[in-house]
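Only one structure is covered here, and it is reproduced in the block below.
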2 protein chains.
Amino acid sequence: MGVALMKVKSKENPSVEEVVEILSEGLSNEAIITLFAHCSVFYDGRAKSELGAGDRVIMIKPDGTFLIHQKEKRVPVNWQPPGSIVSFQIEEGKIKLRSVRRKPKEILEVELLKVYLISYFQAEDYEALNLMGSEAEMADLILQNPSIIEEGFKALQKEKPIKHGIIDIYGVDRDGNIVVLELKRRRADLHAVSQLKRYVDALKEEHGSVRGILVAPSLTSGAEKLLKDLGLEFKKLNPPKREKARKGKQKTLDML
Amino acid sequence: MGVALMKVKSKENPSVEEVVEILSEGLSNEAIITLFAHCSVFYDGRAKSELGAGDRVIMIKPDGTFLIHQKEKRVPVNWQPPGSIVSFQIEEGKIKLRSVRRKPKEILEVELLKVYLISYFQAEDYEALNLMGSEAEMADLILQNPSIIEEGFKALQKEKPIKHGIIDIYGVDRDGNIVVLELKRRRADLHAVSQLKRYVDALKEEHGSVRGILVAPSLTSGAEKLLKDLGLEFKKLNPPKREKARKGKQKTLDML
DNA sequence: GCGTCTATATCGAAG
DNA sequence: CTTCGATGTAGACGC
């Protein structure tokens, strides 16, 4: 017995039975389910939280993602990541949604006090994001054109694992000194300087003189001071916004 | 002329005119608007991205938050943060949503090729999340009971600003040595050790011997090695999951 | 699986 | 406003 394959289904002010029906259908159809509901939320896992009753938007994705959004902020107030298992039960005439993550063990429970809208969407999507301006692209730019850093710079290795961490770019300058580059796609802060220092210190245990260069569009005031105190250097570089080869799944003949 | 104040409104497979109507109503009503739509997305700002046509869920919050979710992953594929200004226009019979952030200048554009569902929700919510198990609670625990760290430890200051950064907890041990605590609510990594090292180094410029203790439930293998190499210490401590005083806005008589 | 690191990170607190 | 550090960070990539 197959469930009707509808692209979209929705119901305003549904009864408990209708919520159960649409929820079940959405889950078995691998649809994205959204609810507008008055609800309270409980979470226990890496931390623990309680959220008293209020109106929220709930989204359940076919990959197990579970999101609860309040009317403000970019981030969900509570959530469960992909791979979580969602289920529901009825207690005293109210629906309780439950999402469980196995490792680490985390449980999210939503008590639906009133559902204003339930809907699902059988989304088809074969496209992936093409993002330009990442740190990876800064690295590509430097590897293709090392003199951007300084005349005579030669890049020897990318993502070189060392004793305590992984160096973004490892190379030598015109005088043969070892050079460590730490790249940041945005304004670099104290954290970035400490990271560079850690790499430089690790290499200094083996080589004599090691230069450390922080490559970023700019520095915070504190980063600039610390960099100077530690004898490290700064090279201004903006991340390039270049088109990349398409990575997303393409609709091919095989899929039809 | 006032717009009818409905808590929820929705329309499946709406016409362009109906999308415009519900969108306008939702925006002026300070509602959360969601769309199920086949769309393509363009973003330019701190980075730049393109996303070819596919089915997504779009959410627009009254605070300006703009989210575009694909059917997988916990995070939105594109977004705009709170404070952004949303608008729309019609081009060749298609609706184009546009969200602009002023600083940094960022633009998000969504071309709606087909809308399967549009809905809005006049959400009322006066509750804030009560989260237990944060780093702040570890700090409270230590300040209330310093011997948790070791016999004779005395905490002198919390969040002490120093030359390069801010120390979580600053104190002295039974022998009068300066002690720096760096707290982590989860397994501590290389970054945490580098951070502690930065604070210890800064204090060493003024005081003679300074002890650094990383306080966390556990350490990564690399963090343990680096900690030992740097002569720093580890104290195992789990973040407590304690109830906190309510912080959320409460419905009070004044509001009625 | 763990370890390491990036992110259009977002968010909040403090100066 | 900027700086700084936490986050139930999530996600990716390597081993």
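Remember, it's a predicted structure, so these values are computed and weren't measured experimentally. Within every chain, numbering begins at 1; the chains are lettered A, B, ... in the order of the sequence lines, protein sequences first and strands thereafter.
Regarding contacts with the backbone of D:dT9, a side-chain N or O of B:R186 is found under 4.0 angstrom from either OP1 or OP2. Neither OP1 nor OP2 of D:dG8 sits under 4.0 Å from any side-chain N or O of A:K48. An OP1 or OP2 oxygen of D:dC4 is reached within less than 4.0 angstrom by no side-chain nitrogen or oxygen of A:R187. Taking only side-chain nitrogens and oxygens, A:R101 never comes nearer than 4.0 Å to OP1 or OP2 of D:dG8. Side-chain N/O atoms of A:W79 include one lying less than 4.0 angstrom from OP1 or OP2 on D:dA10. Residue B:K73 places at least one side-chain N or O closer than 4.0 Å to OP1 or OP2 of D:dA12. Considering only side-chain N and O atoms, B:Q195 lies under 4.0 angstrom from the phosphate OP1 or OP2 of D:dA6. Within the structure, a side-chain polar atom (N or O) of B:K184 is placed less than 4.0 Å from OP1 or OP2 of D:dA6. Remark: B:R74 is not in phosphate contact with D:dT9, judged by side-chain N or O atoms under 4.0 Å from OP1 or OP2. Distances shorter than 4.0 Å separate none of the side-chain N or O atoms of A:T220 from OP1 or OP2 on D:dT2. Checking the phosphate oxygens (OP1, OP2) of C:dT10, a side-chain nitrogen or oxygen of B:R46 falls inside 4.0 Å. Using a 4.0 Å cut-off, some side-chain N or O of B:Y199 falls inside it from OP1 or OP2 of D:dG5.
Taking the six-membered ring for Trp and thresholds of 30 and 60 degrees, A:F36 and B:F121 have nearly parallel ring planes, at less than 30 degrees apart.
Nearest-nucleotide positions on DNA chain D place B:H191 closer to the 5' end than the other of B:H191 and A:E159. For B:S134 and A:L219, each mapped to the nucleotide of DNA chain D holding its nearest heavy atom, the one lying further toward the 5' end belongs to A:L219. Residue whose closest nucleotide on DNA chain C sits further toward the 5' end, between B:G222 and B:L108: B:G222.
Contact annotation for A:E224: no contact, since no heavy-atom pair falls under 4.0 Å across all strands. Residue B:K103 is classed as a sugar-phosphate contact, given heavy-atom separations below 4.0 Å to backbone atoms only. Among the heavy atoms of the strands, none lies under 4.0 Å from A:S49. Here B:G45 lies out of heavy-atom contact (under 4.0 Å) with every strand. At a threshold of 4.0 angstrom between heavy atoms, the contacts of A:P82 are confined to the sugar-phosphate backbone, with no base atom among them. Using a 4.0 Å heavy-atom cutoff across all strands shown, B:N78 reaches at least one base atom of the nucleic acid. Using a 4.0 Å heavy-atom criterion, one finds that B:E135 contacts the sugar-phosphate atoms exclusively.
In this structure, B:I166 places its CD1 atom 7 Å from C1' of C:dA14, rounding to the nearest Å. One interatomic measurement links the two molecules: CG of B:L131 to P of C:dC11, which rounds to 15 Å at whole-angstrom precision. Per the geometry, CG belonging to B:L196 stands 18 Å off P belonging to D:dC4, to the nearest Å. In this structure, B:N130 atom CG and D:dG8 atom P are separated by 13 Å, rounded to whole Å. Distance, A:R185 CZ to C:dA7 C1': 8 Å, rounded to whole Å. The CD-C1' distance, from B:Q70 to D:dA10, rounds to 15 Å in whole Å. The nearest whole Å value for the distance from the CD1 atom in B:I167 to the C1' atom in C:dA13 is 18 Å. The NZ atom of B:K160 sits 18 Å away from the C1' atom of C:dA13 (whole-angstrom rounding).
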Exercise. Show your reasoning for whether salt bridge (charged side-chain N to carboxylate O under 4.0 Å, His left out) applies to B:E205 and B:K163.
Key: CA-CA 10 Å; B:E205 287 189 10; B:K163 199 175 180 192; 3.4 Å; yes

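Taking the C1' atoms as reference points, D:dT9 lies 13 Å from D:dG5, given to the whole Å. The same atom, C1', is picked in C:dT6 and in D:dT7; the two are 15 Å apart, to the nearest Å. Between D:dA6 and D:dA10, the two C1' atoms lie 14 Å apart (nearest whole Å).
More than 12 heavy atoms of other residues, nucleotides or ligands shown are found within 6.0 angstrom of NZ on B:K241. Remark: A:E224 CD is loosely packed, at most 12 non-hydrogen atoms of other residues, nucleotides or ligands lying under 6.0 Å away.
Remark: the A:H164 side chain and the B:K225 side chain contain no N/O donor-acceptor pair separated by less than 3.5 Å. In this model, a donor atom of one side chain and an acceptor atom of the other lie less than 3.5 Å apart for B:S218 and B:R187. Defined by atom type and a distance below 3.5 Å, a donor-acceptor pair is missing between the side-chain atoms of B:S49 and A:N130. In this structure, a donor-acceptor pair under 3.5 Å is present between the side chains of A:S194 and B:R198.
Comparing atom distances between the B:L190 side chain and each of D:dC4, C:dC5, C:dT8 picks out C:dC5 as nearest.
Donor-acceptor pairing under 3.5 Å, judged by distance alone, is absent between the side chain of B:E182 and the base of D:dG5.
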